[in-house]
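Worksheet for the structure shown next.
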Amino acid sequence: MENYIRFDWAMKRLLRNKVNYAVLEGLLTTLLEEKVTIHKLLESESNQEDEFDKYNRVDMLAENSQGELVLIEVQNNNEYAYFQRMLFGASKLVTEYINRGEGYEKVRKVYSVNIVYFSLGHGKDFVYHGKTEFIGIHEGDILELSPFQKQTFKVDKVSQLYPEYYILKVNDFNRVARTPLEEWIYYLNTGNVPEHATAPGLDTVKEQLKLDRMSREELKAYYKHLDNIVILRDNIMTERAEGRAEGRAEGRAEGRAEGRAEGRAEGRAEGRAEGRAEGLAEGRAEEKAAIARNLKSLGLSPEQIAKATGLTEAEINQLTTDHQ
């Protein structure tokens, strides 16, 4: 199999050309399971990127033939608040693409497609779909649109009015590609296209995104981009490793200090408890001895004293001897 240009690089340099819309249309058609035609590309965050984002993230905003907005974002390295980032991005589009004074029925449908090369969240799958539904607290039913709303908004479900999110965790894909979606995930993961791929758009990838179509200068810039991604990941992994090492060292030091402090505190507490216990025991023994002597002076026999105090006859005789 041939090796093709990485998708994030293609988004930056090639897919904004209308000739190559078929690549994006193929991915979205496969993912959304409906024919998607891109009408135009709109302004996105990529034009305000900083040096870090230049290699870490790329996004593209498209409008399809139905006037819906599709935000496609590729993220190379971990971002712990990425779920909130997805929400912010979709919400921003909702508010930016409605004119002041327009009714809420003009709110645009938004799809947020997120291709992530890091471990986001915790789950077993490699493709996730998120949507908004209203479920009854008591009956468990899903709130539906009225017939008038369906006719007016031209949708069948409430969830179709809200932003929908797709997360493609491409690094988690480790199987043979058997479906069109898996063929796309395979390409996003490896940069290769399965030999007998049938997924929409991948035929255009084979034609337009070959490495040998790039000039020497383009190849130089492309390989530098790949090197920077590797360096960025190494730096982040190094920082994490150093942070974990420092954390463990600090934790051990704090643990030892806390252990010594707790040990001293426990020792004092145990000493006080043992002292009180020993003192009580000694006090009871002396009390029994005093009672035994008093009973002996009253003329009671050792057997009778033993029954009254719980002492043995030998202990009673010893007390008598010691007292003399």
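Starting from 1, each residue takes its place in the sequence as its number. Side chains are part of it too, since the values below use all heavy atoms of this structure and drop only hydrogens, waters and symmetry mates. All of these numbers come straight from a predicted model, not from anything done at the bench.
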Test item: [X] side-chain N/O and [Y] main-chain N/O as donor-acceptor pair under 3.5 Å:
X      : Y      : result
Asn20  : Leu14  : yes
Lys106 : Asn99  : no
Ser112 : Leu71  : no
Glu25  : Ile38  : yes
Gln208 : Thr204 : no
Glu183 : Thr198 : yes
Arg108 : Val94  : no
Trp184 : Pro200 : yes

Taking [X] first and then [Y], would you say they form a salt bridge - that is, a charged N and a carboxylate O separated by under 4.0 Å?
X      : Y      : value
Asp8   : Arg6   : yes
Glu164 : Lys109 : yes
Arg85  : Glu73  : yes

Over 12 foreign heavy atoms within 6.0 Å of OH, Tyr222 = yes

query = Does a sphere of radius 6.0 Å around CD in Glu33 hold more than 12 heavy atoms from other residues, nucleotides or ligands, not counting ones at 6.0 Å or beyond?
reply =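 Open.
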
Of all the heavy-atom pairs spanning [X] and [Y], show the shortest one and how long it is.
X      : Y      : result
Val158 : Leu143 : CG2-O, 3.5 Å
Tyr4   : Asn192 : CD1-CA, 4.3 Å
Leu41  : Leu15  : CD1-O, 4.0 Å
Met60  : Met11  : CE-O, 3.2 Å
Tyr21  : Arg16  : CE1-O, 3.9 Å
Phe126 : Asp172 : CB-CB, 4.2 Å

query = Can you check side chain to side chain donor-acceptor pair (under 3.5 Å) on Tyr82 and Asn114, steps first, answer last?
reply = CA-CA 10 Å; Tyr82 193 80; Asn114 302 271; 2.9 Å; yes

task = Assess whether ring pair (Phe, Tyr, Trp, His ring centres under 6.0 Å) is satisfied between Tyr117 and Phe7, documenting all intermediate values.
result = CA-CA 12 Å; Tyr117 288 87; Phe7 189 73; 9.3 Å; no

Within this structure, what is the [atom1]-[atom2] distance for the pair [X] and [Y], rounded to the nearest 0.5 Å?
X      : Y      : atom1 : atom2 : result
Gln149 : Lys157 : CD    : NZ    : 16.0 Å
Leu219 : Asp212 : CG    : CG    : 9.0 Å
Lys220 : Glu218 : NZ    : CD    : 13.5 Å
Tyr97  : Glu102 : OH    : CD    : 13.5 Å
Leu209 : Leu202 : CG    : CG    : 10.0 Å

request  = Take Tyr187 and Leu27 through the side chain to side chain contact (heavy atoms under 4.5 Å, CB included) test and state the conclusion after the steps.
outcome  = CA-CA 11 Å; Tyr187 162 60; Leu27 171 61; over 6 Å; no

